[in-house]
Amino acid sequence: MQYSSKELEKNWQEYWAENRSFEPSEDFAKEKKYILSMFPFPSGRLHMGHVRNYTLSDAFARYYRQQGFNVLHPIGFDSFGMPAENAAIKNGSHPKKWTYENIDYMKGEFKSLGFSFSKEREFATSDELYTKFEQGFIIDMYEKGLLYRKKGFLNWCESCHTVLANEQVIDGCCWRCDNQVVKKDMNQYYFKITDYADELLLDLNKLEDGWPKQVLTMQENWIGKSNGLEFKFCFDEESLKKLGGNFDGFEVFTTRPDTIYGVSYTAIAPEHEIVTYMIENSLLDENTIAKIKEMKNASSIDRQKTKSGFALGLDVVHPLTKKNVPLWVANFVLMDYGSGAVMAVPAHDERDFDFAKKYNLPINAVIKPFGEELKKDEAYTEVGELFNSELFDGLNSKDAQSKIIEYFQAQGIGKKTTNYKLKDWGVSRQRYWGAPIPFVHCDSCGIVMEKKENLPVALPEDIEITGEGNPLEKHPTWKHCKCPKCGRDAVRETDTMDTFVESSWYFLRFCASPKNWQEEAFSKEQIKYWMHQGQEGVDHYIGGIEHAILHLLYARFFTKVLRDLGYLDFDEPFGRLLTQGMVLKDGAKMSKSKGNTVDPDAIIEKYGADTARLFILFAAPPTQELEWNDSAVEGAYKFIKRFYERSVNVDKLETTPYIEQASLTKEEKFARKKVYEALVRANDVYSERYTFNTMIAGVMEAMNALNLQTNRDVWSEGYWILSSIMEPVIPHVCWDISSKYFALKNLTQQKVIEEVFAQDSITLGVSVNGKRRCEIEVAIDAPKDEIVAIAKEKAQKWLEGKTLIKEIVVPKKLVNLVVKD
RNA sequence: GCGGAUGUGGUGAAAUUGGUAUACACGCCAGACUUAGGAUCUGGUGCCGUAAGGUGUGGAGGUUCAAGUCCUCUCAUCCGCACCA
């Protein structure tokens with residue numbers, strides 16, 4: 001039995017393809033598991049991160065198939081997106097051609113890795129059939145008011161020539177190309193994700209058991225709910241006059257109403273309408289206007305560096321004290337949070353304090369620590385006792401918050417409000433390779449939806465991609481059409497959708513039987529079975545942590561929207577989420593620019609897919625980083641080789657051999673015990689721990705134990721079980737062994753036999769005062785007295801001259817003798 | 001600053017509920033077989049020490065018969081968010 005990965009793996013890959021081995025059944029009476037990896041962008045080649053991702057989901061899928069479940073383990077391609085266009089600009093190829101060629105190549109890679117994906121449910125999101133149903137949802141959402149168009153001050157990436165959503169701006173830079181993002185004023189479509197802010201936050205509770213805590217926290221912070229008081233500052237007489245009666249005041253939001261008596265100035269964002277009005281009407285001097293404009297145009301990073309601002313020469317009236325308070329424009333006030341205006345309490349807020357120090361504004365303390373002096377050189381932001389706060393003096397600041405809100409409400413001058421950091425999701429992109437937004441601009445009817453029977457609104461293929469401007473805009477005929485409503489000449493929307501829209505519902509499309517693909521996106525019945533039998537959502541969703549906010553938040557939002565549109569009946573798309581760690585080489589993330597990549601194809605060529613899979617699952621638990629190690633890969637290969645070649649000790653069987661446990665030698669019993677221990681461990685791993693490394697270690701131990709004995713029945717039983725346990729990890733070699741010896745009959749659920757764990761005697765550790773000194777061997781059913789007596793004798797040396805005060809026997813573990821001098 | 005994690009041999013990492021710390025593997029050392037080995041097999045390998053023994057899970061305390069595991073404080077590293085009023 002000489003191991004040769006190449007031929008062996010190819011044979012089984014062909015066998016699986018011919019036998020449709022991994023297609024899910026349409027029998028909805030069976031228990032199911034939906035195992036899903038985050039689908040890839042067809043960049044051209046798989047990288048090790050992909051291999052890790054799909055190796056994990058494949059192990060789950062194969063395991064559950066063995067356990068008798070109906071398993072859906074699909075794959076597709078997230079195939080719209082900028083890199084296709086960038087490649088087109090660079091090589092003059094067409095984005096569509098580039099994309100679909102890459103898909104073909106990557107499908108070959110999937111095959112060569114032995115992933116048990118359903119082939120019949122494969123699709124790419126750039127397929128027109130997919131676009132058709134997506135556009136249908138978009139129309140539904142527009143009708144429900146969940147999609148709208150407005151002019152906004154948007155994130156614009158100069159190098160990608162497109163708008164970005166807030167979630168796609170990382171540290172002020174584009175998530176894709178890392179270029180600095182600038183602000184641009186333009187029209188854009190938005191999904192009303194803020195309507196779901198509260199539910200998205202609340203339902204995180206449902207995910208507590210299935211999702212990593214880190215991801216839940218990140219989403220919670222991103223949604224950023226805060227409760228507080230909203231009220232209006234009104235201008236004094238003089239200021240009203242200055243503004244020509246156009247503004248009577250402005251709203252502010254605060255989470256610290258308890259500090260209201262400490263307000264010493266107010267501030268508004270440079271983008272605020274009052275500032276705009278003052279600039280347009282020359283109510284400020286030239287120099288100030290220039291500085292404010294500069295402030296507006298500064299990048300978000302520059303804007304954070306130092307605080308700056310200008311007094312606007314206006315005063316507002318404090319709502320409670322009725323005293324005048326000055327109004328400033330300040331760069332630290334953000335237009336897109338709350339109302340773009342704040343009350344400032346330098347004594348109890350660090351930002352307000354810094355600003356007040358810089359511009360010599362008054363600092364009025366109104367909260368002091370209990371029984372301590374207040375420090376003057378910093379803002380006191382902790383809980384404390386109110387003073388200088390009229391009728392609220394003496395209150396605990398926590399209690400004062402609700403009391404003051406109640407007071408404002410009673411007086412009718414303010415109300416309790418909730419604010420979110422989450423903003424609406426901007427979805428239009430000014431690029432070609434995306435799903436067209438199915439709207440038409442008509443001079444007489446305004447924005448009109450395309451009729452559903454005309455979907456999809458497909459992309460034209462005869463385009464010229466130069467990187468300058470939107471190719472759809474420049475196409476000679478595509479955008480000219482008739483208004484679906486009045487029939488007059490109209491113009492198509494040339495914006496396409498953010499690619500995150502496609503990935504927000506692809507997991508639902510996989511639930512649809514390909515038989516019905518033409519007629520519907522998915523059926524309620526199919527969705528109910530795959531997504532909502534037992535646990536809610538996909539059973540195991542596996543992917544990188546980098547999607548903790550973007551994709552995972554959008555997909556949750558889409559699921560809730562489709563529920564409200566009547567397409568499905570549940571709230572959350574992914575019941576269990578496993579976020580895999582990165583693949584590193586030399587301590588850094590593998591990347592082309594660093595030149596530390598390992599090409600999966602080369603590893604398969606040299607060692608085979610099984611080796612790559614074994615190494616990946618063995619080297620670290622799934623959630624941890626995985627350091628690539630060439631000699632450990634070599635080690636994985638050697639294990640497989642030994643595993644394969646030692647199968648010569650196995651006899652052909654169609655069921656496990658009968659073994660008389662009592663007749664076995666010590667080594668034979670030990671080997672059997674190790675085999676079944678490995679089985680127990682394997683079942684644990686899939687049910688909750690996912691630590692494949694320990695499962696594999698168990699199998700290695702069992703192999704080592706088998707090798708210490710020569711009983712062919714024990715070898716055969718061992719291989720029957722071990723090749724079943726290992727099949728999800730190294731499927732090719734296991735199917736080969738299984739077919740040669742066991743007619744593939746062992747690739748099913750295996751039963752644990754308890755008798756192999758029975759022992760006549762057991763080794764116990766003996767410690768004196770908790771320090772391990774020696775060990776003893778006693779009969780399994782030895783009474784406590786006897787165990788203690790043996791332990792005392794064996795540990796005599798450490799007991800001499802001391803008084804024994806306590807004896808502790810932990811059954812099957814150890815004996816602890818407590819002594820003192 | 002806020003939030004989340006993680007610290008165990010030379011390395012990747014094990015250790016259900018507190019119960020023999022370092023399983024499994026890589027590496028290293030020695031030996032066997034070899035003309036040769038980056039092949040294969042066997043044995044060894046936390047640290048200090050010739051040994052007896054001592055010591056050891058980032059650090060300091062604590063609870064306990066017993067702590068990698070529980071509690072308090074602290075240090076370091078990584079990740080995420082970050083002027084959110």
Side-chain angles (χ1 to χ4, degrees), chain A residues 170-171 212-222 224-226 228-229 252-256 259 266-267 269 300 303-307 330-334 336-345 349-352 354-355 381 419-423 545-546 548-549 581-582 584 614-615 618-621 623-636 638-639 641-642 645 680-681 684 688-689 691 693-704 707 763-775 797 805-819:
Chain A
I170 315 289
D171 290 333
K213 203 168 176 180
Q214 190 189 8
V215 177
L216 295 173
T217 314
M218 282 166 76
Q219 292 218 352
E220 193 183 321
N221 292 343
W222 187 262
K225 179 177 181 169
S226 50
L229 170 69
V252 295
F253 172 74
T254 179
T255 54
R256 294 293 307 272
T259 64
T266 60
S300 60
R303 197 161 152 175
Q304 280 178 41
K305 278 180 192 154
T306 48
K307 289 186 175 51
N331 67 345
F332 71 87
V333 182
L334 308 173
D336 49 11
Y337 184 76
S339 55
V342 298
M343 68 178 215
V345 186
D349 181 284
E350 279 164 28
R351 291 158 306 173
D352 298 349
D354 291 347
F355 194 82
T381 57
N419 253 307
Y420 298 91
K421 284 196 230 175
L422 182 71
K423 316 251 164 37
I545 186 96
E546 66 272 19
I549 293 177
M582 287 190 299
L584 310 180
L614 179 62
F615 167 74
F618 183 54
T623 54
Q624 280 181 41
E625 288 175 341
L626 173 76
E627 174 74 33
W628 193 266
N629 177 332
D630 289 327
S631 46
V633 174
E634 188 84 34
K638 284 180 193 167
F639 172 78
K641 196 165 143 66
R642 269 199 306 275
E645 287 167 6
V680 170
R681 231 197 261 193
D684 279 358
E688 45 190 318
R689 291 151 42 77
T691 47
N693 53 331
T694 62
M695 175 184 100
I696 294 162
V699 171
M700 287 174 169
E701 281 178 58
M703 274 295 289
N704 292 343
N707 206 39
T763 306
L764 301 179
V766 178
S767 38
V768 178
N769 285 352
K771 204 157 274 180
R772 184 175 178 273
R773 292 302 182 182
C774 58
E775 56 187 36
K797 191 171 157 187
I805 54 172
K806 204 168 179 184
E807 301 136 359
I808 291 144
V809 177
V810 183
K812 295 177 187 171
K813 300 263 173 168
L814 55 71
V815 180
N816 190 17
L817 303 171
V818 186
V819 299

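Just so it is clear, the values below take in all heavy atoms, side chains as well, and ignore hydrogens, waters and symmetry mates. What you see is a predicted model; the values in this text were computed from it and never measured. Here is how names work: the chains are called A, B, and so on, in the same order as the sequence lines, proteins then strands, and each is numbered from 1.
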Residues which pass ring pair (Phe, Tyr, Trp, His ring centres under 6.0 Å) with A/Tyr337, listed by chain and number, not counting sequence neighbours = none
Where does B/G38 land, syn or anti, once you apply the within-90°-of-0 test for syn?
-> anti
Heavy atoms under 4.0 Å is the rule here; annotate nucleotides 7-23 of chain B 5' to 3' with B where the base is hit, S where only the sugar-phosphate is, and - elsewhere.
-> -----SSSS---BBS-B
If the sugar-phosphate is the primed atoms plus P, OP1 and OP2 and the base is the rest, what is the B/S/- string for nucleotides 28-34 of chain B, using protein heavy atoms under 4.0 Å?
-> -------
Listed by chain and number, what are the ring pair (Phe, Tyr, Trp, His ring centres under 6.0 Å) partners of A/Trp222, not counting sequence neighbours?
-> none
Which nucleotides of nucleotides 54-60 of chain B have their base under 4.0 Å from a protein heavy atom (B), which only their sugar-phosphate (S), and which neither (-), written as one string 5' to 3'?
-> SS-----
Taking only residues two or more places apart in sequence or in another chain, which ones pass side chain to side chain donor-acceptor pair (under 3.5 Å) with A/Glu634?
-> A/Tyr607
Residues passing the side chain to side chain donor-acceptor pair (under 3.5 Å) test with A/Gln219, sequence neighbours excluded, are A/Arg556
Quick one: list whatever passes side chain to side chain donor-acceptor pair (under 3.5 Å) with A/Arg256, sequence neighbours left out.
-> A/Asp258
Listed by chain and number, what are the side chain to side chain contact (heavy atoms under 4.5 Å, CB included) partners of A/Asn221, not counting sequence neighbours?
-> A/Thr217
With sequence neighbours excluded, residues passing side chain to side chain donor-acceptor pair (under 3.5 Å) with A/Thr306 | none
With sequence neighbours left out, the residues meeting ring pair (Phe, Tyr, Trp, His ring centres under 6.0 Å) with A/Phe615 are A/Trp628
Its dot-bracket string being built from Watson-Crick and G-U pairs below 3.5 Å, with | for another strand and [ ] for crossing, RNA chain B has the pattern (((((((..(((......[....)))((((((.......))))))(((....)))..(((((..]....))))))))))))....
So what does A/Val333 touch, heavy atoms closer than 4.0 Å: a base, only the sugar-phosphate, or nothing?
-> base
Give one of base, sugar-phosphate or nothing for A/Lys213, where a contact means two heavy atoms less than 4.0 Å apart.
-> sugar-phosphate
